[in-house]
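Have a look at the structure below, then the notes.
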Amino acid sequence: MKDTALINTESTSVYFNNIVKRNVEPITIADLSETTVAEFNRQVGMAFTEEQDITVRRVHYLIPYILQNIDWEEYAIPLEAWQLRYYYQRDRFIEKTGLDYDRFLNHEPLQRAIGQLGLMPEPVFEFILFLKYYYGLRSDLKFSCIEQFDALVEKLNMASDEEVSMDVCIGGKHIKINNSNFIKRIFQVVDRSKLSAAEFINEFDQGSSRDKIRALDYYIVKTLLDYLPTDKSLRRGGRFSQAERNFGLSVLSFCGRLPDIDREGECSQENNATFDKLMRDFKGQPIPFAMELFL
């Protein structure tokens, strides 16, 4: 267990990043023991005595996602703290994302896909809201300093010596450095941990920004398809079933990421190419845990 005094000296996000499990195989609610689910729901009830029933229903599909990605033996903050932080801000999540439950219920292709997959609408909406809010914080075309630093280091490592140079401006005078070994050494001695508390910075590369927003679409859809308790045996040769495709396209439509002029066509087999290309373009890319930068 991590020392409590040490926790108090760290920012919440830095500490939380340290106890997020990486490279986990997704599980669904059916993979958890009844005891685990009951204990989780009991703690929800402790935080929400009057709204326990509705809160338990809403969080039903989120339980395995939350429990699996966090190393609870290292997480010294009580589980109730997460529940309070999330559900007391739920109205803000709805305001920030623009997602509306009535509009969700009236999205016929999405409701049809939910029915075909044997899912319950209410916890599906909650899972979409949860992911849309936390991933949406990444879509403001801003990168944390750590993300920006890591991107630069990756480009340096992949570039040949002839491609590496640095233009430093001091008092209006430009000094160009062509020594690639010296430049790479500068980045090697940077204390990466000190960048965590720095401000978010704008990403001015329009192409990179567009790619990043599209990656968010992939993160949301793939996370939902991995963690929702659907029948994975319907997939053939590793390919998603048509019901899963329709669901993924409907989620993108509901989140405003597809044209809404022909909802039936956009969210059906007629538009399989859009879904398949999204899955193919980001296949194998690690999906970040949605909360890791923001708790």
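In what follows, every heavy atom counts, from backbone to side chain, and hydrogens, waters and symmetry copies are set aside. For clarity, every value in this text was computed on a predicted model and none was experimentally measured.
Residues L225 and K232 have side chains not in contact (no heavy-atom distance under 4.5 Å, counting atoms from C-beta outward). For the pair R185 and V189, the minimum side-chain heavy-atom distance is below 4.5 Å. Residues L228 and T28 form no side-chain contact, since every pair of their non-hydrogen atoms from C-beta on lies 4.5 Å or further apart. Side-chain contact between F93 and K132 is absent, with no heavy atoms from C-beta onward closer than 4.5 Å. Residues P123 and L62 are not in side-chain contact: their nearest non-hydrogen atoms beyond the backbone lie 4.5 Å or more apart. Within the 4.5 Å cutoff, no side-chain heavy atoms of E126 are placed close to those of V59. Inter-residue side-chain proximity for I183 and L156 is flagged as met; some heavy-atom pair is nearer than 4.5 Å. By the 4.5 Å heavy-atom criterion applied to side chains, D217 and F282 are not counted as neighbours.
The line from CZ of F130 to CG of L224 is 11.0 Å long, rounded to the nearest 0.5 Å. Here the straight-line distance linking atom CD1 of I63 with atom CD1 of I29 works out to 4.0 Å at 0.5 Å rounding. Interatomic distance, CD1 of I186 versus CG of N181, reported as 11.5 Å (0.5 Å rounding). Summarising the geometry, atom CG belonging to L249 is positioned 11.0 Å from atom CD belonging to E270; distances are rounded to the nearest 0.5 Å. Atom CG of D53 sits about 10.5 Å away from atom CD of E51, to the nearest 0.5 Å. Rounding to the nearest 0.5 angstrom, the gap separating the SG atom in C267 from the CZ atom in F254 is 12.0 Å.
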Applying side chain to side chain contact (heavy atoms under 4.5 Å, CB included) to Y227 and N69, what does each step give before you reach the verdict? CA-CA 12 Å; Y227 280 92; N69 279 284; 3.5 Å; yes
Give the intermediate values and the outcome of side chain to side chain contact (heavy atoms under 4.5 Å, CB included) for residues M120 and Y61. CA-CA 9 Å; M120 296 182 292; Y61 292 154; 3.7 Å; yes
Would H107 and S253 count as a side chain to side chain donor-acceptor pair (under 3.5 Å) if you check the C-alpha gap in whole Å, the side-chain angles of each, and the deciding distance to 0.1 Å? CA-CA 9 Å; H107 195 293; S253 171; 3.1 Å; yes
Given the rule in the side chain to side chain contact (heavy atoms under 4.5 Å, CB included) test, do L129 and R90 qualify, once you have shown the distances and angles that lead to the verdict? CA-CA 9 Å; L129 175 66; R90 183 172 178 272; 4.1 Å; yes
N246 and R112: CA distance, side-chain angles, deciding distance, side chain to side chain contact (heavy atoms under 4.5 Å, CB included) verdict: CA-CA 9 Å; N246 294 350; R112 188 161 51 248; over 6 Å; no
Quick one: do S160 and E163 satisfy side chain to side chain donor-acceptor pair (under 3.5 Å)? Show the steps, please. CA-CA 5 Å; S160 64; E163 296 174 308; 3.2 Å; yes
May I have the step-by-step check of salt bridge (charged side-chain N to carboxylate O under 4.0 Å, His left out) for R42 and E39, ending in yes or no? CA-CA 5 Å; R42 186 188 70 80; E39 174 59 19; 2.9 Å; yes
What's the verdict on side chain to side chain donor-acceptor pair (under 3.5 Å) for Q52 and N41, showing C-alpha distance, side-chain angles and the deciding distance? CA-CA 8 Å; Q52 178 178 359; N41 290 338; over 6 Å; no
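In this structure, Y135 has its ring center closer than 6.0 angstrom to the ring center of Y219. Checked against a 6.0 Å centroid threshold, the rings of Y65 and F127 count as neighbours. The six-membered or imidazole ring of F240 lies near that of F275, with a centre-to-centre distance under 6.0 Å.
With a 6.0 Å radius and a threshold of 12 heavy atoms from other residues, nucleotides or ligands, Y101 has its OH atom above the threshold. Within a 6.0 Å sphere centred on NZ of K96, other residues, nucleotides and ligands contribute 12 heavy atoms or fewer. Other residues, nucleotides and ligands contribute more than 12 heavy atoms inside 6.0 Å of the CD atom of Q285. For R239, the CZ atom is loosely surrounded, since the number of other residues' heavy atoms within 6.0 Å does not exceed 12. Heavy atoms of other residues, nucleotides or ligands lying less than 6.0 angstrom from CD of Q188 number more than 12.
Residues R92 and Y133 share a closest heavy-atom pair of NH2-OH, 2.5 Å. Nearest heavy atoms, P26 versus Q68: CA-OE1, 3.8 Å. In plain terms, the two heavy atoms of Q116 and A243 that are nearest each other are OE1-CB, 3.9 Å. V164 and A159 get closest at one heavy-atom pair: CG2-CB, 3.9 Å. Minimum heavy-atom separation, Q269 to Q242: CA-NE2, 3.4 Å. Residue I27 comes nearest to P64 through the heavy atom pair O-CB, 3.7 Å, listed as atom of the first residue, atom of the second, then distance.
A donor-acceptor pair under 3.5 Å is absent between the side-chain atoms of T36 and the main chain of L32, judged by distance alone.
Looking at Q111 and N106, their side chains never bring a donor and an acceptor atom within 3.5 Å of each other. Using modelled atom types and a 3.5 Å distance limit, the side chains of D226 and T223 yield no donor-acceptor pair.
No chain of hydrophobic side-chain contacts below 4.5 Å, direct or via other Ile, Leu, Val, Met, Phe, Trp or Tyr residues, connects I54 to V37. Under the 4.5 Å side-chain contact rule for hydrophobic residues, M158 and M166 do not share a cluster.
The salt bridge (Lys or Arg N to Asp or Glu O under 4.0 Å) test applied to D161 returns K184, not counting sequence neighbours.
Residue pairs satisfying the salt bridge (charged side-chain N to carboxylate O under 4.0 Å, His left out) criterion with at least one member in residues 240-250, sequence neighbours excluded, are listed as follows: R235-E244, R245-D276.
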